[in-house]
Amino acid sequence: MSALLSASNLTRRFPGNRGLLDMLARKPRPVVHALSDVSIDVSAGETLGIVGESGCGKSTLARCLVRLIEPDEGNISFDGADVGSLEGPARRKFNRAVQMVFQDPYASLNPRMTVGSTLAEALRVHEIVPAAEINARVASLLDLVQLPATAATRYPHEFSGGQRQRIGIARALAVEPRVIIADEPVSALDVSVQAQIVNLFMELQERLGLALVFITHDLRLVRHMTHRVAVMYLGRVVEIGPVEDIFTAPRHPYTRALISAVPQLTPGLLRGEPAVRGELPSPLSPPSGCAFHPRCPIALPQCAAERPALDARGGTWPVACLRADEA
Amino acid sequence: MMASRDDSTGLTVRELRVVFDTSRGPIFAVDGVALDVAPGEVMGLVGESGSGKSVSLRAVARLLHANARVTGSVRWRGQELLSLSDDQMLPIRGAQIGIIFQEPMAALNPVLPIGLQIEESLIAHTTMDKAQRQARALQLLDQVGIASGATRLAQFPHEFSGGMRQRAMIAIALAASPALLLADEPTTALDVTIQDQILRLLLRLKDELGMALLLVTHDLGVVAETCTRVAVMYAGRVCETGPTADVFANPHHAYTAALLRAMPGSGPAQAKLIPIPGMAPRLDAPSPGCAFAPRCTVSEPLCTTTRPPFVQEATRSSACYGRARL
Amino acid sequence: MRAKIPLAIGMALLLLMLVCAAVPSWFAPYDPLEFDFAALLAAPSPEHLFGTDQFGRDMLSRTIYSARIDLQIAVFAMGGPLLIGSLIGLLVGWYGGWADAVFGRLADVVVTFPFLVLVIAIVAILGPGLINMYIAVACVGWVVYARLMRGEVRVQKAADYVAAGRVLGYSTGRILFRHVLPNAVRPVLVYAVTDMALAILLGSSLGYLGLGAQPPEAEWGALIADGRNFFTTAPWVSLTPGVAIVLAGLGFSLAGDGLAALLDVKR
Ligand SMILES: Nc1ncnc2c1ncn2[C@@H]1O[C@H](COP(=O)(O)OP(=O)(O)OP(=O)(O)O)[C@@H](O)[C@H]1O
Ligand SMILES: Nc1ncnc2c1ncn2[C@@H]1O[C@H](COP(=O)(O)OP(=O)(O)OP(=O)(O)O)[C@@H](O)[C@H]1O
Ligand SMILES: [Mg+2]
Ligand SMILES: [Mg+2]
């Protein structure tokens with residue numbers, strides 16, 4: 001399998017604001033290191049899961065992949081062509097082929113447009129169907145995401161959170177993309193509707209060879225529907241590999257912490273120790289060496305000094321931990 | 001119908017109905033909801049997407065759109081909230097009742113720094129001076145797991161990640177230490193480790209301050225780990241309530257049973273998940289019987305014509321004719 | 001709810017003005033230019049409800065017939081700045097950068113001068129007359145609209161629905177005019193309604209100074225100016241158009257405030 005969409009060595013920083021006092025004190029401008037040297041790829045028919053701590057750069061990565069944000073360093077290629085240099089019609093073709101489902105569904109819908117016209121606009125601009133068939137296509141898109149056809153005449157504020165999320169999915173599907181970058185696309189859905197949407201994604205993947213980049217916090221879902229998974233921590237990928245392997249034998253201590261913190265269905269009040277402890281990490285001042293070392297239960301002195309590279313380290317998939325080969 | 005509780009300390013909702021008047025006719029979003037939340041208790045609210053969870057919460061906080069008609073009774077500490085004027089409601093909302101909204105961007109002000117938005121809540125509901133307020137804002141950010149607090153307080157919502165916005169909103173809701181917290185999917189954008197931290201924080205506040213917590217979530221694992229009791233909603237009605245362990249182990253309503261079956265992880269990986277077949281119920285024309293009947297595997301003719309009554313037994317109550325066949 | 005009553009009163013006043021402008025003959029008891037030498041500077045009486053001027057012209061009729069010009073002033077003196085300002089605000093708000101910096105400096109310069117003084121100066125250069133007045137107002141008035149629009153556009157630009165449009169490959173023009181503009185225009189429109197009140201006052205002030213509408217076009221400010229010589233002996237000559245100005249101004253600002261409140265509730 002050759003990669004359909006791939007990103008190599010992406011780095012993105014966001015300069016922050018400085019108060020007047022800080023400026024006078026000649027403090028440096030704070031910088032958020034949102035992405036550092038991230039490489040991922042996804043092939044047709046494949047689902048790549050992305051998991052990681054809140055604020056670790058997943059959405060920034062997604063936005064880079066669809067060119068909403070320009071990376072400071074690194075490049076992205078789609079179908080063999082460098083995405084950064086696409087202009088005009090080629091750029092539009094890329095936009096149609098690579099779609100995104102946004103994390104905040106309400107903010108991603110134009111509040112002044114009915115759901116029907118939002119979907120129809122996408123169909124019309126890319127001439128997906130002849131003008132006469134647009135209404136029928138809108139209805140079938142709504143049906144795909146389990147919304148009634150009457151939804152077309154309503155405005156976004158008249159829907160529930162989960163319904164809006166599905167409208168966002170319908171919009172991404174409207175232009176028949178080859179890759180979908182989905183940023184928490186099912187987080188607001190009950191498990192039954194979630195099952196329907198997940199089945200829909202898997203069906204499209206089988207039928208059309210859709211490539212999916214699936215960002216989510218739901219590790220059960222990751223295990224269920226992705227083929228490979230990338231675990232991110234503070235702007236870097238710390239482990240990436242086949243999902244079953246990683247879930248059965250996680251090699252990075254952060255991955256282990258994540259998996260052990262999944263809420264279990266067996267009732268009982270939260271008890272025991274928190275999964276991860278220690279000082280909170282900040283992308284404004286990433287720790288030296290391995291970013292996870294201040295919270296790592298198995299950290300060595302040299303973890304604070306040198307940053308482990310993402311390497312196979314004696315296993316079959318890459319991991320960025322000095323002690324990966326021990327466990 | 002439901003367990004009679006001391007209604008002067010907690011939240012008691014009875015026969016709550018919300019109808020939205022739209023140009024295409026009325027939408028019966030909430031259709032006779034009853035709920036109780038006692039101080040020091042965590043009540044879970046789960047249910048189908050679009051079943052009226054958020055609308056119920058907003059009705060309790062009196063924060064619905066202008067086209068909503070609300071009837072029924074919402075009593076908080078013995079006071080009927082639905083009959084209060086907007087001005088009378090102001091000091092209660094925020095100070096006594098904190099709300100975490102489902103969609104952070106819609107609830108945060110895009111042109112104000114996060115720090116100011118937290119401080120605004122403190123200005124409105126406490127007597128703290130500026131230094132105290134800033135210290136409290138920093139402490140709140142730390143509690144919800146946002147590092148480099150001083151820099152973060154000066155940032156705007158669009159400079160935060162999705163999960164950080166959600167946590168900023170939690171910080172705002174907790175700022176004035178409310179006695180009742182209405183939390184609408186407060187951890188959907190959080191990874192499991194931070195979710196763990198936030199849930200622990202909420203449970204601690206519940207124990208230390210006797211806060212009552214109404215928690216809407218789709219994560220049945222979260223419900224299992226945090227909620228003493230749970231209410232399940234379908235099509236604007238509560239179809240069953242009871243202690244979490246009992247409801248999960250032995251559901252008394254056909255919808256609850258179907259919901260539990262649809263959890264991922266209950267089957268093998270890469271297999272199709274088992275959704276509930278059929279379309280979501282129509283809210284513009286509620287059925288005279290049980291709204292779940294058309295999709296139910298254990299329904300009988302009676303289900304489509306007559307609404308099943310709420311049956312109360314010991315700590316649980318449910319409204320399903322097919323219970324014996326589950 | 002509370003917004004509805006002022007809005008209704010405002011709308012009623014505006015409707016009255018609109019009808020007067022459209023079909024003045026329905027309301028005016030006399031021809032506004034008809035001289036009645038039997039009743040020069042006549043005090044209000046059953047025949048002339050609001051009295052007459054020095055040529056015996058009926059003041060009520062003159063005021064009603066002038067409504068057309070004043071309405072025209074309200075629309076054009078608001079419309080020019082609205083269009084120009086909104087467009088500039090939309091573009092600088094969207095593109096930012098040096099254009100925004102230039103705009104900021106320019107706007108600062110324009111607002112340091114009192115509005116009226118600047119308009120009068122420009123009219124004085126261009127020469128009196130309504131067209132020149134519109135040009136002068138547009139030169140000065142666009143700044144407010146541009147600032148309002150720019151601020152709103154900057155907020156909307158950061159919203160995810162704009163990002164969604166870009167991901168869908170929509171052209172910048174489509175995103176700007178179909179998505180951003182409808183979401184950003186609300187405060188501008190509300191301000192525009194209130195601004196029409198100011199436009200009428202401005203038109204009247206210039207008319208009073210003889211810089212606005214030129215005879216034979218009658219306009220309320222000019223009518224007041226006509227009466228100033230008789231103010232002690234026949235105050236109704238100036239008072240009648242004065243009341244009309246107050247009512248029109250009231251109508252526009254009530255409607256503007258009511259509209260603002262109404263739009264605010266519906267978010
Ligand atoms: N302003 C409104 N006008 C008309 N209908 C509305 C309005 N707000 C909500 N609704 C409808 O009311 C129903 C209940 O919505 P609500 O937001 O309470 O659902 P929910 O249970 O929170 O779902 P989710 O889990 O997807 O967030 C939905 O079907 C929605 O379409
Ligand atoms: N436009 C921006 N300006 C400044 N900082 C930003 C901006 N966008 C993102 N950031 C910062 O970049 C970091 C990564 O954010 P990102 O949204 O990618 O996180 P995430 O992994 O998606 O988190 P979550 O799971 O909470 O959504 C955060 O620290 C955030 O504050
Ligand atoms: Mg994100
Ligand atoms: Mg909701």
Side-chain angles (χ1 to χ4, degrees), chain A residues 14 16-17 19 30 51-55 59 103-107 146 148 150 153-154 157-163 184 187-196 198-199 202 217 219-221 223-225 244 257-258 261-270 274-276 280-282 284-285, chain B residues 20 22 24 46-50 54 65 102-106 142 145-148 151 154-155 159 161-164 167 185 188-197 199-200 203 218-222 224-226 244-245 248 258-259 262-265 269-270 272-276 279-280 282:
Chain A
F14 292 104
N17 300 314
V51 301
E53 195 162 53
S54 169
S59 301
Q103 184 171 11
D104 191 320
Y106 195 21
Q146 303 291 319
T150 52
T153 58
R154 294 161 59 185
H157 77 264
E158 295 177 60
F159 291 90
S160 80
Q163 289 166 339
E184 307 261 6
S187 62
L189 303 179
D190 66 272
V191 283
S192 163
V193 176
Q194 180 177 312
Q196 276 162 331
V198 167
N199 288 347
M202 287 166 75
H217 290 305
L219 296 176
R220 272 198 196 86
L221 205 56
R223 186 165 196 176
H224 183 85
M225 72 170 293
E244 263 316 305
L258 265 188
V262 176
Q264 295 305 313
L265 253 194
T266 41
L269 297 182
L270 267 193
V276 195
L280 284 167
S282 168
L284 280 152
S285 51
Chain B
F20 290 104
T22 71
R24 299 158 305 279
V46 302
E48 157 128 322
S49 170
S54 304
H65 289 257
Q102 188 172 3
E103 277 140 338
M105 256 330 229
D142 185 62
I146 296 180
S148 306
T151 313
Q155 286 190 325
E159 296 176 302
S161 81
M164 287 160 59
R167 286 178 277 161
E185 314 211 7
T188 41
L190 305 180
D191 66 282
V192 285
T193 61
I194 291 189
Q195 169 172 288
D196 187 84
Q197 181 182 349
L199 293 176
R200 279 169 202 275
L203 291 187
H218 287 305
D219 191 330
L220 300 179
V222 167
E225 287 194 341
T226 56
T244 313
F248 279 19
L259 191 68
M263 274 283 286
Q270 288 291 324
K272 283 276 161 73
L273 295 169
I274 320 163
I276 303 171
M279 273 304 265
R282 294 182 54 165

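For A/Ala107, the part sitting under 4.5 Å from any heavy atom of chain B is the side chain, from C-beta outward, and nothing else. Only the side chain of A/Gln103 comes within less than 4.5 Å of a heavy atom in chain B; its backbone stays farther off. Heavy atoms closer than 4.5 Å to chain B are found in the side chain of A/Glu184, but not in its backbone. Using a 4.5 Å cut-off between heavy atoms, B/Ile194 contacts chain A through its side chain alone, with no backbone atom that close. For B/Ser54, no part lies near chain A; criterion is any non-hydrogen pair under 4.5 Å. Residue A/Ser160 touches chain B through its side chain alone, counting heavy-atom pairs closer than 4.5 Å. With a 4.5 Å cut-off on non-hydrogen atoms, B/Ser49 touches chain A through its backbone and its side chain both. If you measure heavy-atom distances from B/Asp219 to chain A, the contacts under 4.5 Å come from the side chain alone. Looking at B/Arg167, only its side chain comes within 4.5 Å of chain A, counting heavy atoms on both sides. Within the 4.5 angstrom heavy-atom criterion, atoms from both the backbone and the side chain of B/Ala189 approach chain A.
Using a 4.5 Å heavy-atom threshold, the side chains of A/Glu158 and B/Thr22 count as touching. Between B/Leu259 and A/Val191, the closest side-chain pair of non-hydrogen atoms falls below 4.5 Å. A/Phe159 is listed as a side-chain neighbour of A/Arg154, based on a closest heavy-atom distance under 4.5 Å. A/Pro263 has its side chain within reach of B/Gln195: a pair of non-hydrogen atoms, C-beta onward, lies under 4.5 Å apart.
Among the candidates A/Leu284, A/Leu221, A/Leu219, the residue making the largest number of heavy-atom pairs closer than 4.5 Å to chain B is A/Leu284. Ranked by heavy-atom pairs under 4.5 Å with chain B, the list A/Thr150, A/Thr153, A/Val193 is led by A/Thr153. When the candidates A/Ser59, A/Ser285, A/Ser282, A/Gly162 are compared by the number of heavy-atom contacts under 4.5 Å with chain B, A/Ser282 comes out ahead.
Although no hydrogens or angles enter the test, the distance criterion places no donor-acceptor pair under 3.5 Å between the side chain of B/Asp191 and the main chain of A/His217.
Using the six-membered ring where Trp is involved, A/His157 and B/His65 have ring planes that are parallel, under 30° apart on the 30 and 60° scheme.
Closest non-hydrogen pair, A/Ser187 versus B/His218, comes out as O-CD2, 4.4 Å. Of all heavy-atom pairs between A/Ala188 and B/Gln102, the closest is CB-NE2, 3.9 Å.
With sequence neighbours excluded, the residues forming a salt bridge (Lys or Arg N to Asp or Glu O under 4.0 Å) with B/Glu48 are B/Arg295, listed by chain and number.
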